[in-house]
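First the structure, in the form of structure tokens, and then the observations on it.
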Amino acid sequence: MSDTPSSESAAKQKPAHFIQNIIKRDLDEGKVTSIVTRFPPEPNGYLHIGHAKSICLNFGLAKDFGGQCNLRFDDTNPEKESDEYVESIKRDVSWLGFQWQGDIRFTSDYFDTLYSWALELIRVGKAYVCDLTPEQAREYRGTLTEPGRNSPTRDRSVEENLTLFEKMRAGEFDEGRCSLRAKIDMASPNINMRDPVIYRIKKVRHHHTGDKWCVYPSYDFAHGQSDAIEGVTHSICTLEFEDHRPLYEWFIANLSVPATPKQYEFARLNLNYTVTSKRKLRQLVDDGHVDGWDDPRMPTISGMRRRGFTPASLRNFCERIGVTRADSVVDVGMLEYCVRDDLDKNAPRAMCVLRPLKVTLTNYPEDRREEFVAPGHPNRDDLGERRLSFGPSLYIDREDFREEANKKYKRLVIGKRVRLRNAYVIEADECIKDDGGQIIEVKARVIDNTIGQDPEDGIKPKGVIHWVSAHDHLACDVRLYDRLFTEESPGSGGKDFLESINPDSLEVLTGCMAEPSLANAAAEFAYQFEREGYFCLDEKYSKSGKPVFNRTIGLRDSWAKIAD
RNA sequence: UGGGGCGUAGCCAAGCGGUAAGGCAGCGGGUUUUGAUCCCGUCAUGCGAAGGUUCGAAUCCUUCCGCCCCAGCCA
């Protein structure tokens with residue numbers, strides 16, 4: 001019996017955003033009978049959190065409205081593109097949980113059609129071969145406040161243009177020698193309409209078409225027409241393309257395209273303490289500030305995957321931040337919340353001591369061993385249970401012991417008691433220091449009959465700490481990550497963004513000790529190390545028998561505020 | 001200083017003439033063998049500003065202010 005009335009769930013539903021409203025209206029009015037969207041990355045780098053927003057939007061819309069979403073590589077500039085990027089993008093989209101409709105598309109698959117459309121434009125006198133060099137073209141274009149001037153070759157005959165363009169295609173001209181331009185309006189207040197270049201010469205091998213072409217269509221000439229070829233109904237891009245929309249529409253109106261897609265723009269994602277420009281991410285990689293595109297500190301999809309972020313958490317994040325036309329900077333804390341939210345619900349629990357401190361139980365027989373059973377998750381029986389072996393010698397975290405402390409400190413203190421998670425309550429008697437005054441061991445006593453119950457004398461411990469036994473644990477390393485930048489907006493105020501790199505964004509802990517069950521950890525599988533945070537195996541640095549764990553994200557820590 | 005956009009809490013974001021949803025963060029409290037989770041409460045007499053229209057304005061009008069994008073043969 002379902003007791004969730006649809007009205008109640010409807011009341012809790014997130015309100016539709018402006019693009020969903022546009023689609024609803026188009027469907028209602030019969031402008032389209034079903035929708036087609038597309039995610040169109042250029043394969044010139046790795047995908048990042050900003051792309052995740054676009055992916056979730058485009059694939060999400062198709063799902064919500066029963067339409068389809070294509071994956072199309074917008075590969076019109078062979079100089080920057082490669083198969084390595086194509087492969088990583090395919091992997092990232094799939095990993096995020098989306099499946100594109102049909103085969104993967106490449107804009108380069110449409111080069112023949114695009115070329116014929118260029119000829120079509122020439123034949124109706126709406127495109128011409130321009131002999132201006134790139135530098136001259138810039139001068140002729142005018143400025144933001146001054147109109148441009150017509151190219152000296154703007155009025156060539158159709159025949160001459162056809163001949164010249166064919167020669168361009170045949171490789172008879174050097175790069176930059178000439179270009180094909182749309183004949184629109186050199187005085188337009190919109191600079192994109194001042195006779196934009198639609199074909200340029202690039203004698204570069206293309207990752208997908210090889211050496212077939214030496215002229216390549218520009219983004220503006222390729223994008224809308226490719227949308228039309230695929231039957232895309234709603235072509236969604238970011239705000240900076242807004243000024244290109246009149247041009248997008250001009251091509252659709254002036255060419256014999258099979259459909260009339262419409263372009264809509266939304267605000268790209270910005271996150272504080274993060275950079276999301278391809279140029280900057282590339283620089284972090286190339287200059288060696290990080291371990292590669294998939295460094296766990298990177299906001300790339302591959303970096304976040306290695307870090308231990310889950311597809312569901314990223315999708316949830318994209319859902320929560322909304323889709324609008326207002327420039328905004330989302331607090332990275334929102335992302336962290338989504339990651340914790342998903343991991344808390346799904347990650348099995350385990351104990352791992354990050355900074356070991358030896359504890360000897362003086363009243364526990366030296367040769368005695370016990371086994372305790374602990375739940376895999378405090379409120380999910382389906383996650384099973386694990387076995388913990390207990391003995392007279394243990395390790396706890398250095399942070400969890402103090403010789404003396406005030407009442408706010410709820411961990412182990414001399415003369416006080418603490419609960420060992422899933423095991424006994426113990427009481428500390430003394431600690432031993434080395435010559436440098438460093439505490440190297442704690443002597444403590446087990447309080448009898450405290451498994452699953454409070455001490456019989458009524459003196460209850462205030463806190464609970466995690467532990468591993470000395471005789472049975474797994475040695476491991478742990479890599480702790482902090483935000484990559486120390487400033488909310490790296491590189492703002494004319495500074496170089498590299499100046500605000502956080503020198504402490506990576507802390508490698510060696511000699512950590514985990515409970516034995518962690519020996520079976522697999523990459524991309526999250527655990528909660530109780531009281532520490534969420535962790536997953538790092539595939540790159542782990543070796544058999546010596547795992548390395550990445551801290552995906554720490555637990556929320558209200559003690560940190562009290563401790564200050 | 002041309003053109004195109006955008007301004008609702010610390011952050012994100014609903015709202016579309018009927019008297020400011022929700023989430024994150026924060027703060028206070030409760031439960032707890034994780035200082036976690038969970039639960040409860042609290043958080044905009046005001047929507048960039050000033051005028052105007054109206055019984056009534058975040059929503060309509062006017063003016064002003066601020067921020068973002070555009071002068072690649074990049075996307």
Side-chain angles (χ1 to χ4, degrees), chain A residues 11-12 14-17 40-42 44 74-77 79-80 130 132-134 137-139 141-148 175-181 188-194 196-202 215-216 218-220 222-223 237-246 265 267 272 278 320-338 340-341 344-345 349 351 374 377-379 408-411 418-423 425 450-454 461-466 528-533 554-563:
Chain A
K12 287 181 178 177
K14 199 168 160 83
H17 56 67
E42 182 188 13
N44 68 344
D74 206 0
D75 54 352
T76 57
N77 185 355
E79 287 170 353
K80 302 178 172 181
C130 175
L132 257 21
T133 63
R138 192 188 327 126
E139 288 167 28
R141 190 155 34 235
T143 68
L144 294 178
T145 53
E146 298 161 319
E175 288 187 18
R177 169 64 232 290
C178 54
S179 64
L180 185 70
R181 294 227 254 163
S188 173
N190 180 345
I191 292 178
N192 294 298
M193 302 298 272
R194 317 235 267 229
V197 169
I198 59 177
Y199 260 92
R200 70 285 214 208
I201 301 167
K202 279 183 190 290
V215 291
Y216 293 94
S218 63
Y219 161 85
D220 286 305
H223 205 94
C237 61
T238 45
L239 248 24
E240 66 267 30
F241 291 101
E242 208 170 355
D243 292 340
H244 293 243
R245 192 169 66 228
E265 312 87 18
N272 59 12
K278 256 180 205 173
R320 282 168 178 265
I321 58 175
V323 178
T324 70
R325 290 175 62 85
D327 290 313
S328 61
V329 181
V330 175
D331 192 326
V332 71
M334 187 96 81
L335 211 208
E336 296 172 346
Y337 166 83
C338 292
R340 287 193 186 103
D341 186 50
D344 173 61
K345 290 179 175 69
R349 312 282 123 126
M351 294 195 284
H377 190 286
N379 34 41
K408 286 181 178 172
Y409 188 79
K410 308 197 306 192
R411 311 178 189 182
V418 79
R419 159 77 64 185
L420 292 177
R421 178 81 165 150
N422 298 123
V425 171
T450 51
I451 297 300
Q453 59 185 55
D454 286 331
K462 283 187 292 184
V464 180
I465 62 174
H466 57 287
Q528 184 195 91
F529 289 179
E530 291 184 296
R531 300 210 312 129
E532 292 290 357
L555 256 27
R556 257 186 85 222
D557 187 4
S558 53
W559 163 245
K561 288 167 200 156
I562 301 166

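Lettering of chains follows the sequences in order, A, B, ..., and the numbering in each one begins at 1.
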- List for me each residue that meets ring-ring contact (aromatic ring centres under 6.0 Å, His included) alongside A/Tyr337, sequence neighbours excluded, and say none if there are none.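 ring-ring contact (aromatic ring centres under 6.0 Å, His included) list for A/Tyr337, sorted by chain: empty.
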- Task: Evaluate side-chain contact (heavy atoms from CB on, under 4.5 Å) for A/Trp559 paired with A/Arg411, printing each intermediate quantity in order.
- Result: CA-CA 11 Å; A/Trp559 163 245; A/Arg411 311 178 189 182; 2.8 Å; yes
- Item | Nearest atoms (heavy-atom pairs only) where A/Thr143 meets A/Arg194 | O-NH2, 2.6 Å
- Task: Would you name the heavy atoms of A/Leu239 and A/Glu265 that are closest together and state the gap between them?
- Result: CD1-CB, 3.8 Å
- Could you tell me from which nucleotide to which nucleotide of RNA chain B, 5' to 3', there is an atom under 4.0 Å from chain A heavy atoms? B/U1 to B/A75
- Please identify each residue that fulfils salt bridge (charged side-chain N to carboxylate O under 4.0 Å, His left out) with A/Glu146, with sequence neighbours left out. none
- Does B/G46 fall in syn (glycosidic angle within 90° of 0) or anti?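 Base orientation relative to the sugar is anti.
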Looking at every strand, decide which applies to [X] at a 4.0 Å heavy-atom threshold: base, sugar-phosphate, or nothing.
{"X": "A/Thr143", "value": "base"}
{"X": "A/Asn77", "value": "sugar-phosphate"}
{"X": "A/Tyr409", "value": "base"}
{"X": "A/Asp74", "value": "sugar-phosphate"}
{"X": "A/His466", "value": "nothing"}
{"X": "A/Arg349", "value": "base"}
{"X": "A/Leu132", "value": "base"}
{"X": "A/Phe241", "value": "base"}
{"X": "A/Gly463", "value": "nothing"}
{"X": "A/Arg411", "value": "base"}
{"X": "A/Lys202", "value": "sugar-phosphate"}
{"X": "A/Ile321", "value": "sugar-phosphate"}
{"X": "A/Arg421", "value": "base"}
{"X": "A/Pro378", "value": "base"}

- When A/Gln453 and A/Arg556 are each assigned the nearest nucleotide of RNA chain B, the 5'-most assignment goes to A/Gln453
- Query: If you pin A/Thr76 and A/Gln528 to their nearest nucleotides in RNA chain B, which one's is more 5'?
  - Reply: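 Its nucleotide being nearer the 5' end, the pick is A/Gln528.
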- Query: Can you list the residues that meet the side chain to side chain contact (heavy atoms under 4.5 Å, CB included) rule with A/Val197, with sequence neighbours excluded?
  - Reply: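 Counting only residues at least two positions away or on another chain, A/Val197 forms a side chain to side chain contact (heavy atoms under 4.5 Å, CB included) with A/Ser179, A/Arg181, A/Arg200.
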- Query: Which residues satisfy the side chain to side chain contact (heavy atoms under 4.5 Å, CB included) test with A/Lys278, sequence neighbours excluded?
  - Reply: A/Asn44, A/His51
Same-atom distance ([atom1]) from [N] to [M], integer angstrom:
{"N": "B/U37", "M": "B/A25", "atom1": "P", "result": "9 Å"}
{"N": "B/A13", "M": "B/C70", "atom1": "C1'", "result": "28 Å"}
{"N": "B/G52", "M": "B/C47", "atom1": "P", "result": "16 Å"}
{"N": "B/A50", "M": "B/A57", "atom1": "P", "result": "14 Å"}
{"N": "B/C16", "M": "B/C61", "atom1": "P", "result": "16 Å"}
{"N": "B/A58", "M": "B/A21", "atom1": "P", "result": "13 Å"}
{"N": "B/A44", "M": "B/A20", "atom1": "C1'", "result": "7 Å"}
{"N": "B/A49", "M": "B/G10", "atom1": "P", "result": "13 Å"}

- Determine, for A/Asp344 against A/Arg349, whether the closest basic-nitrogen to carboxylate-oxygen distance falls under 4.0 angstrom.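 Counted as a salt bridge, because a side-chain N and a carboxylate O are separated by less than 4.0 Å.
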- Using 4.0 Å as the upper bound for N to carboxylate O, is an ion pair formed by A/Arg421 and A/Glu530? yes
- Could you summarise the pairing of RNA chain B as dot-bracket text, marking Watson-Crick and G-U pairs under 3.5 Å with ( ) or [ ] inside the strand and | across strands? .(((((((.[[[..)..(...]]].(((((.......))))).....[[[[[..)....]]]]])))))).....
- Query: Any idea how A/His244 and A/Phe241 line up, ring-wise: parallel (<30°), tilted (30 to 60°), or perpendicular (>60°)?
  - Reply: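 It falls in the perpendicular class, over 60°.
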- Message: Does any part of the side chain of A/Asp454, heavy atoms only, come nearer than 4.5 Å to the side chain of A/Arg419, both counted from C-beta?
- Response: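 When only atoms from C-beta onward are counted, A/Asp454 and A/Arg419 do touch, with a gap below 4.5 Å.
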